[in-house]
Each structure stands twice: as C-alpha cells, then as structure tokens.
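Just the heavy atoms: all of them, side chains too, but no hydrogens, waters or symmetry mates, feed the values below. None of the values given here were measured: they were computed from a predicted structure. Quick note on labels: first sequence line is chain A, next is B, and so on, each numbered from 1.
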Number of protein chains: 2
Amino acid sequence: MPRVKKQQRQQILLDQVHEKPFLTDEELARALQVSVQTIRLDRLELGIPELRERIRRMAESAQDKLKSVERKEEVVGELIDLEPGHSGISLMRITEDMVYAKSQIAKGHYMFSQANSLASAVIDVPMAVTGVANVKYKVPVHMGEKLVAKAEIIHVRGNKYFVWVKTRNDREEVFRAKFIMVAWEAC
Amino acid sequence: MPRVKKQQRQQILLDQVHEKPFLTDEELARALQVSVQTIRLDRLELGIPELRERIRRMAESAQDKLKSVERKEEVVGELIDLEPGHSGISLMRITEDMVYAKSQIAKGHYMFSQANSLASAVIDVPMAVTGVANVKYKVPVHMGEKLVAKAEIIHVRGNKYFVWVKTRNDREEVFRAKFIMVAWEAC
DNA sequence: ATAAGTATTAGTACCTGCTACTACAACCAA
DNA sequence: TTGGTTGTAGTAGCAGGTACTAATACTTAT
C-alpha cells in the first residue's frame with residue numbers, strides 16, 4: 001500500500017477499523033505505511049477509541065443483542081394469560097427486525113409463529129406437533145404495532161386438538177388461523 | 001459476603017465471572033474478601049483467562065453468532081434454485097435450536113417460515129405479503145434432517161399469486177403448503 | 001506440641017496497548 | 001523567506017494483567 005494524503009488515509013483508517021476492529025495501532029501503522037504516532041493522531045481526530053475500548057463495546061452490544069435473540073427463539077410472543085386445555089392470550093410487539101426494510105410491513109411468518117406457539121401452549125399435553133394450519137392474513141401489520149393473539153380450543157377428537165387463533169392490533173383483526181395440533185406420545 | 005473455604009470460593013468465582021465477565025481481579029478480590037493474588041491463583045487453577053482475554057473472546061464469538069443469526073433472519077433456508085415468476089427450491093437443515101428439547105422434533109413454524117419466504121421469493125414482484133396459507137404437516141421432522149422445499153406458482157389472478165410449496169426430507173414428503181400471496185403497491 | 005503441608009498475602013520485574021505531552025523535522029504554499 | 005500544516009520521535013504514566021519469589025497463617029497428622 002503506497003502512502004497517501006491525510007484525508008484519504010483517514011478514510012482508509014475508518015474503513016479498516018470498521019472491517020477489522022481487532023487491529024492494534026502498530027498493525028494499522030504498518031498497513032498504512034506511517035508511524036504509530038500518526039495513527040494515534042488520526043484516531044484522536046476521528047474519535048476512534050483504542051483497541052481495548054473497541055473490543056469492549058463490541059462485546060457489550062453483541063451480548064445484549066444475543067440475549068434478545070435468545071429470548072425471541074423460545075416462545076414467540078409473551079404469554080399473558082393461559083387456561084391450559086381451554087384458551088390463552090399472547091402479546092407480541094413488531095420490532096425492526098421483523099419487517100421488510102422497504103415496506104416496513106411485518107413478514108408473515110412472525111404472526112404465524114406467534115399463533116403457532118400459542119396454540120401449542122394452550123393444549124395441555126406434554127408434547128404436540130402441528131398437523132394442519134389454515135391461515136388468513138387480513139391486513140398488513142406495520143412496525144411498532146402490538147399484536148394480541150387469542151387462542152381457543154374448539155374441539156378435541158382423540159389426540160387431535162382443533163385450535164382457533166385470532167390476532168388483533170389495537171384497532172382490528174389482522175390475522176386468523178385454525179390449527180389441528182396432534183398430541184405426541186413419548187416414544 | 002463472608003470469607004469461605006477455597007473450593008466454595010472458586011465456585012463462586014466461576015459463577016461471578018460467568019455472570020459478569022467484565023469484573024477485574026481487583027473487583028473480584030473485593031467481592032470475595034481476599035487479596036488480588038488469591039484471585040489470580042484461583043484463576044490460574046481454574047483456567048480462567050484475564051479480563052481482556054475474556055472480553056476479546058466474547059466479542060469474537062458474539063460477532064460470529066450474530067452474523068449467523070442475521071443470515072438466518074433474512075431468508076429462512078438457503079435458496080438453491082430460483083426461476084422468478086415460476087418456481088424455486090430452498091434447502092434448510094434442522095439444527096439444535098429449531099427442535100423441542102424433549103422430543104427433538106422440529107417446531108412447526110420453521111417449516112412454515114422456509115416455505116413462506118420461498119413463496120415470497122418466487123413471485124417476481126418488488127413486495128408481497130401473505131394473504132392466506134393452507135398448511136399440512138405430514139410427518140414429524142427431526143434434528144439434523146435436511147429439508148428441500150419446492151415452490152411452484154400455479155395460478156395468478158390480478159395481484160394474487162397462488163403458490164404451492166412441497167417439502168421433503170431425504171425419504172418422503174413431510175410438509176405441504178398452499179399460499180395466496182398478494183403483491184403490494186409501493187405507497 | 002511440633003513438624004509438614006496447604007492456603008494466603010506481599011512485593012517485584014516485566015508486558016501490552018495504550019494516553020498525554022513535548023520537541024523537532026519536513027514540506028508546501030504564499 | 002516565513003509560516004502553517006503534517007508527520008516522527010521519544011518520554012512519562014496508566015490499567016490490568018503475567019510470572020515469579022518470599023514470607024506468613026492455618027491445618028492436620030503424628
């Protein structure tokens with residue numbers, strides 16, 4: 001890499017640090033063919049923190065994000081009322097990562113996931129799998145909306161449970177689903 | 001916190017470091033009411049690296065995990081063939097975090113999500129939302145299985161696209177879905 | 001009770017990756 | 001030529017350690 005003007009160098013520095021945050025000043029100095037002091041001055045001007053600080057911040061923010069992801073994986077939505085074997089209510093807020101970037105409309109499978117995991121929660125058996133789902137999306141759901149899903153078992157035949165789930169935002173019904181859940185014997 | 005025996009102290013140390021990895025030796029020493037040297041000896045015995053090393057490892061692993069999560073969020077499954085406006089094939093491997101811990105059977109909404117995002121990929125429009133879904137789970141899917149979903153547009157009426165998705169593992173059909181996707185005008 | 005062994009504390013030299021500062025040289029532009 | 005920008009060099013000091021030596025306190029076995 002040849003030596004370049006200050007402005008250009010600082011731009012490269014920004015890029016480098018953004019791409020590989022684990023580089024020390026010494027390594028950066030070698031990469032940009034300048035002295036360590038120059039790198040330090042550049043960092044000072046650009047407000048780039050030192051290596052350890054960069055790593056610390058990454059670790060912190062990444063930890064937070066991971067935690068929220070883990071929470072999300074478990075049960076989709078928050079169970080706020082449950083009468084096992086009868087009915088249940090779950091609440092879910094549409095966050096940024098659930099919508100299409102362009103349209104800000106929620107991806108369909110989040111509503112499905114909320115309804116499906118609620119359905120498997122209300123039927124009062126140790127294990128169950130989904131057999132059939134009949135789903136209707138009535139109106140598009142946008143970022144920031146709070147969805148309340150209500151599930152009700154309407155019929156049981158043998159090991160099959162017929163569950164209806166209706167999901168509303170604060171104004172209207174946005175989604176409805178009919179599931180047939182199959183209770184599963186431990187092998 | 002009162003002083004305790006070595007064994008117990010080391011157990012507490014492990015817990016503390018696990019819970020709050022950002023504690024320095026000095027802070028740990030204060031918390032456990034022993035000298036900094038004792039903490040260092042304990043860390044040595046237990047193979048706990050120093051603060052900076054702990055943070056570095058967190059940052060690294062968290063970054064990797066976040067990347068894989070992000071990849072997962074985008075499109076569920078891997079698009080391996082796509083004829084826009086006509087058909088498409090997607091592949092998904094069932095991993096540990098997709099199954100119920102007890103039964104090792106995949107949660108239904110992963111198959112749904114794969115099918116749904118494939119369906120929205122095959123219809124060749126800038127934006128689309130799911131209108132109706134009709135889903136049948138034929139056999140339970142277990143951890144480690146590779147699922148191949150094939151989608152086909154069978155009918156178009158106005159801005160409504162009728163898409164069938166059939167999903168197989170290496171032996172049989174495990175899932176099938178019929179979607180009505182609605183093309184969405186930019187507002 | 002006393003010796004042997006374990007657990008703990010104290011202190012020193014050294015390391016990395018810096019910050020903060022001073023001093024000075026090189027360049028380029030008016 | 002003069003002056004401002006730009007780049008280098010070097011020093012002192014810091015955090016959070018490692019690695020090591022030495023000394024003290026506490027237990028336990030005999």
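- Between the side chain of A/Glu26 and the base of C/dG17, no donor-acceptor pair of N or O atoms lies under 3.5 Å.
- Distance CG (A/Leu51) to P (D/dC14): 21 Å, rounded to an integer number of Å.
- Close to C/dT9, at under 4.0 Å from its OP1 or OP2, lies a side-chain N or O of B/Thr38.
- In the set D/dG7, C/dC18, C/dT9, D/dG7 carries the atom at the smallest distance from any side-chain atom of A/Lys6.
- Here C/dT8 presents its C1' atom at 14 Å from CG of B/Leu32, a figure rounded to the nearest Å.
- Out of D/dT8, C/dA7, C/dC18, the shortest distance to the side chain of A/Val34 is found at D/dT8.
- Spacing between atom CD of A/Gln37 and atom C1' of D/dA9 amounts to 6 Å, rounded to whole angstrom units.
- Salt bridge A/Glu173/A/Lys166: absent, no basic N to carboxylate O contact under 4.0 Å.
- Across D/dA19, D/dG16, C/dT8, the shortest atom-to-atom separation from the side chain of B/Leu44 is found for D/dA19.
- If you measure from atom CD of A/Glu53 to atom C1' of C/dT16, you get 16 Å, rounded to the nearest angstrom.
- Look at A/Arg9 and you'll find a side-chain N or O under 4.0 angstrom from OP1 or OP2 of D/dG7.
- Residue-to-nucleotide contacts include no donor-acceptor pair under 3.5 Å from the side chain of B/Arg52 to the base of D/dG17.
- Between B/Lys5 atom NZ and C/dT6 atom P the separation is 16 Å, expressed in whole Å.
- When heavy atoms are screened at a 4.0 angstrom cut-off, B/Arg54 is found touching no nucleic acid atom at all.
- Here D/dT5 presents its C1' atom at 13 Å from CG of A/Asp42, a figure rounded to the nearest Å.
- Ion pairing between a basic and an acidic side chain is recognised when a charged N comes within 4.0 Å of a carboxylate O; A/Lys6 and A/Glu45 show such pairing.
- At whole-Å resolution of the value, CG in B/Leu41 and C1' in C/dT9 are 9 Å apart.
- Closest to the B/Ser35 side chain, of the nucleotides C/dT19, D/dG17, C/dA10, is C/dA10.
- A salt bridge between B/Arg57 and B/Glu60 is absent, with no side-chain N of the basic residue lying under 4.0 Å from a carboxylate O of the acidic one.
- A distance of 7.5 Å separates CG of A/Leu91 from CD of A/Gln114, quoted to the nearest 0.5 Å.
- For C/dC21, the OP1/OP2 oxygens have no side-chain nitrogen or oxygen of A/Arg40 closer than 4.0 Å.
- Summarising the geometry, the separation between CZ on B/Phe22 and P on D/dG17 is reported as 13 Å, rounded to the nearest angstrom.
- Heavy atoms from other residues, nucleotides or ligands lying under 6.0 Å from CD of B/Glu53 number more than 12.
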